[in-house]
**Q** 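Structure incoming, see below.
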Amino acid sequence: MRLSRYPINTLKEVPADAEVVSHRLMLRSGMIRRLAAGLYTWLPLGLRTLHKVERIIREEMDRAGALECIMPTVQPAELWKESGRWSKYGPELLRFKDRHEREFAYGPTHEEVITDIARRELRSYKQLPVNFYQIQSKFRDEIRPRFGVMRAREFLMKDAYSFHADEASLAQGYRAMFDAYTRMFTRMGLNFRAVQADGGSIGGSVTQEFHVLAESGEDAIAFSSEDDYAANVETARALPPREPRPAAAQAMRKVATPGVHTIAELSAFLKVPASACVKTLLVEGSAGEVVAFVVRGDHELNAVKAQKLPGVANPLRMASAARVREATGADPGSIGPVGFEGTVYVDHAAAQLGDFVCGANEADMHYVGVNWGRDLPEPLREDVRNVQPGDPSPSGRGTLRIARGIEVGHIFQLGQLYSEAMNASVLDEAGKALTMYMGCYGIGVTRVVAAAIEQNHDDQGIVWPEPLAPYQVLVLPLNYQKSSQVQSCADRLYEDLAATGIEVMLDDRDARPGVKFADADLIGIPHRIVIGERSLAQGRVEYRHRRDAQSAEIAIAEALPHLEARIER
RNA sequence: CGGGGCGUGGCGCAGCCUGGUAGCGCACUUGCAUGGGGUGCAAGGGGUCGGAAGUUCGAAUCUUCUCGCCCCGACCA
């Protein structure tokens with residue numbers, strides 16, 4: 001490609017709303033442009049990278065035996081009503097009517113459609129297992145789209161669905177997808193981890209996420225220091241403390257704590273560590289009442305764990321200040337479990353405390369020296385907190401550390417969730433109906449591109465992992481318009497490289513060197529050849545890899561073999 | 001949805017408080033110079049200030065309504 005014929009500008013300045021590096025760099029380098037909230041156009045440069053991601057995905061899916069198909073983005077409401085998700089999915093599902101007033105949705109995912117295909121086409125256990133996949137647009141009406149294509153409303157997804165005669169086959173198919181994902185992300189040159197996950201609204205029990213590790217990631221991942229245990233903090237188990245609860249040493253007393261509302265203030269005011277205090281949080285129950293959660297002052301409530309407990313509204317909703325007042329007689333900031341009427345779930349660590357501090361359900365008052373079993377009933381213990389760095393690993397070996405990740409893939413063993421609801425069965429060996437077992441496997445294709453940039457950039461711009469770079473080589477002639485030697489050398493090299501099948505971009509613009517260098521770094525093409533009059537007089541050109549600090553001079557005749565030896569294909 | 005903020009040439013912003021008919025940087029066009037890390041000089045094109053209503057002799061500026069967007073929290077590839 002000749003850059004002089006590429007009309008998309010690189011930008012020095014960037015829209016004020018672009019916050020994360022990948023978004024900024026994608027805008028600045030001319031990969032994408034925003035159309036509306038959460039909607040992006042992929043310009044030619046960006047599309048090349050997107051296609052590379054797609055190609056790797058296709059190759060590995062095909063290698064794993066999956067079959068590509070493509071389903072409509074627009075889906076009839078009937079299917080969603082059948083699976084029960086028309087009412088469950090909520091406002092994230094974009095719904096609309098056609099001219100005949102029939103209801104449709106723009107697909108946020110395709111379990112219903114594929115299950116419909118499966119139940120129509122699959123008749124016999126002999127046709128199983130089978131795995132269908134597609135790479136296609138999804139729309140999820142996110143509450144808050146942000147970070148460019150990282151969390152867009154319309155995005156490209158690879159989704160795959162497998163069908164099996166039994167659980168063993170499902171586990172095998174799932175494993176095959178795990179391996180395929182591992183190969184894909186490895187081939188893309190990404191630093192990633194597979195982690196244990198929560199099923200969320202898709203459902204299913206066995207499930208793992210693939211995360212690209214990056215500071216800007218929206219998810220927290222817990223890792224064991226000693227083995228390969230890794231889990232999303234949403235789901236990572238906090239082990240109950242081993243030590244027995246210390247015996248009560250103090251009597252319970254009510255103390256005045258004027259103006260104290262947070263654990264930090266409480267801890268500073270009473271000069272006790274936050275870990276000796278207890279935090280009480282009220283959430284909406286499933287039957288109109290409120291439910292209390294008690295965690296240690298230095299711990300955080302884990303919403304995913306909490307909302308699974310009996311009597312708790314799912315999704316979790318914090319009680320309003322008015323509801324808190326109604327239930328306890330005090331404002332949030334002064335509430336506690338002593339005398340609370342209703343369900344109280346207590347985190348293991350909080351249940352282990354003796355002589356602790358908590359709110360007294362009275363403005364500006366707290367209790368100190370509180371003890372379970374004496375001052376209030378023995379607690380209903382549950383794991384309801386987020387794990388923290390230093391916690392023992394649930395795997396039993398090592399302690400946990402926490403890193404951030406961007407979720408680029410998620411695989412599930414769904415079991416018979418959808419096949420049962422939608423009656424998807426085949427005949428087994430005995431001629432009896434057998435409800436199929438399903439797995440589903442997603443990759444956020446557009447998100448992968450953003451994640452790759454989050455992980456691979458420097459102050460100057462993108463540093464593409466070679467397999468994802470829009471072009472492999474950039475030929476950068478200086479003074480191309482004025483020097484006929486430079487021009488003919490650049491043109492020849494460009495043609496030769498292209499003829500060899502190398503993806504090459506030629507910066508033939510009439511621009512100053514500084515502009516070309518800055519754009520080269522911004523766009524991040526891995527291999528760069530600079531052709532300038534100075535070294536050309538010596539019969540040489542300069543080679544530099546985007547990752548290198550220094551360039552090296554090579555003979556013109558060596559340029560092509562030099563590149564061929566270095567390009568990773 | 002709850003809380004905060006912003007809408008002024010393509011982008012980044014100033015002007016608004018204290019009404020007087022719109023300005024700066026980048027980008028763009030033309031010319032000259034320059035030519036190894038976002039070059040310099042000169043000339044130019046482009047906005048009616050998100051929209052509507054109102055107050056006023058006069059509104060980007062004040063008032064009301066409305067639309068859109070962004071940021072912080074609960075969702076997901």
Side-chain angles (χ1 to χ4, degrees), chain A residues 7-19 24 27-28 33-34 36-38 53 57 89-93 108-110 135-147 149-160 181 197-202 209-212 218-219 232 234 283-284 301 303-304 306-307 313-318 320-321 405-412 440-451 460-461 476-483 486 510-522 530-536 542 544 551:
Chain A
I8 306 298
N9 300 59
T10 54
L11 309 172
K12 272 199 237 184
E13 283 166 320
V14 79
D17 50 41
E19 282 193 295
R24 301 175 71 87
L27 287 169
R28 287 190 53 207
R33 291 290 182 258
R34 195 187 78 113
V53 173
I57 292 172
Y89 212 90
E92 226 174 88
L93 184 63
T109 176
H110 280 70
I135 294 179
Q136 169 246 40
S137 255
K138 299 282 187 275
F139 190 95
R140 296 183 185 176
D141 203 351
E142 295 279 350
I143 300 166
R144 187 142 85 85
R146 61 187 137 170
F147 304 152
V149 299
M150 191 97 89
R151 178 180 294 280
R153 294 196 293 175
E154 185 175 340
F155 62 99
L156 202 60
M157 178 166 169
K158 188 284 299 175
D159 47 327
Y181 276 35
D198 179 71
S201 66
I202 310 275
E209 294 167 346
F210 285 78
H211 283 261
V212 168
E218 289 190 89
D219 289 282
N232 195 308
E234 282 180 354
V283 306
E284 294 294 336
L301 183 70
V304 170
Q307 71 198 10
N314 189 347
L316 193 77
R317 269 176 301 128
M318 299 304 290
S320 66
I406 299 164
E407 184 188 351
V408 290
H410 200 161
I411 59 179
F412 301 79
C440 84
Y441 318 94
I443 292 181
V445 181
T446 38
R447 183 182 282 182
V448 165
V449 176
Q460 315 309 314
L476 196 164
L478 301 171
N479 220 358
Y480 179 87
Q481 313 293 333
K482 292 272 177 62
S483 162
V486 167
D510 183 14
R512 300 191 44 100
V515 173
K516 293 189 177 189
F517 288 133
D519 280 347
D521 289 344
L522 178 61
V530 171
I531 302 173
E533 287 171 289
R534 217 162 55 194
S535 40
L536 197 57
E542 288 160 37
R544 194 177 99 172
S551 56

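Within every chain, numbering begins at 1; the chains are lettered A, B, ... in the order of the sequence lines, protein sequences first and strands thereafter.
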**Q** Is B:rC76 paired to anything, Watson-Crick or G-U wobble with both distances less than 3.5 Å, and if yes, which nucleotide?
**A** none
**Q** Mind checking side-chain hydrogen bond (donor to acceptor under 3.5 Å, both in side chains) for A:Ser137 and listing every partner two or more places apart, or none if nothing turns up?
**A** A:Glu154
**Q** Who does B:rC13 pair with, Watson-Crick or G-U, both distances under 3.5 Å?
**A** B:rG23
**Q** Are A:Asp521 and A:Arg544 close enough for a salt bridge, meaning some N to O gap below 4.0 Å?
**A** yes
**Q** Once ring pair (Phe, Tyr, Trp, His ring centres under 6.0 Å) is applied, do any residues pair with A:Phe210, and if so which ones, sequence neighbours excluded?
**A** A:Phe178, A:Tyr181, A:Phe185
**Q** For A:Glu284 and B:rC1, give me the distance from atom CD to atom P, rounded to whole Å.
**A**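 Roughly 19 Å, once rounded to whole Å.
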**Q** Nearest to the side chain of A:Glu407, heavy atoms from C-beta on, is which of B:rA77, B:rG37, B:rC75?
**A**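 For A:Glu407, the side-chain atoms sit closest to B:rA77.
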**Q** Report the distance from atom CG of A:Asp159 to atom C1' of B:rC76, rounded to the nearest whole Å.
**A**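 It is 14 Å, rounded to the nearest whole Å.
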**Q** Return the stacking result for B:rA77 and A:Phe155: yes when the ring centres lie under 5.5 Å apart and the planes under 30°, no otherwise.
**A** yes
**Q** For A:Arg34, check salt bridge (Lys or Arg N to Asp or Glu O under 4.0 Å) against everything at least two apart and list the hits.
**A**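 Result, salt bridge (Lys or Arg N to Asp or Glu O under 4.0 Å) vs A:Arg34: none returned.
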**Q** Write down the partner of B:rG36 under the Watson-Crick or G-U wobble criteria, each distance required to be under 3.5 Å.
**A** none
**Q** Tell me every residue that passes side-chain hydrogen bond (donor to acceptor under 3.5 Å, both in side chains) with A:Glu533, counting only those two or more places apart in sequence or in another chain.
**A** A:Asn479
**Q** Identify the pairs formed between an N or O of the protein and an N or O of nucleotides 26-34 of chain B at a distance under 3.5 Å, and give each distance.
**A**
from: B:rU34; atom 1: O2; to: A:Arg512; atom 2: NH1; distance (Å): 2.3

**Q** Looking at B:rG68, which nucleotide sits across from it as a Watson-Crick or G-U wobble partner, both distances under 3.5 angstrom, or is there none?
**A**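 Pairing partner, where one exists within any strand: B:rC6.
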**Q** So which protein N/O to nucleotides 69-71 of chain B N/O distances come out below 3.5 Å?
**A**
from: B:rC71; atom 1: OP1; to: A:Glu19; atom 2: OE1; distance (Å): 3.3

**Q** Taking the nucleotide of RNA chain B with the nearest heavy atom to each, does A:Val445 or A:Arg28 sit closer to the 5' end?
**A** A:Arg28
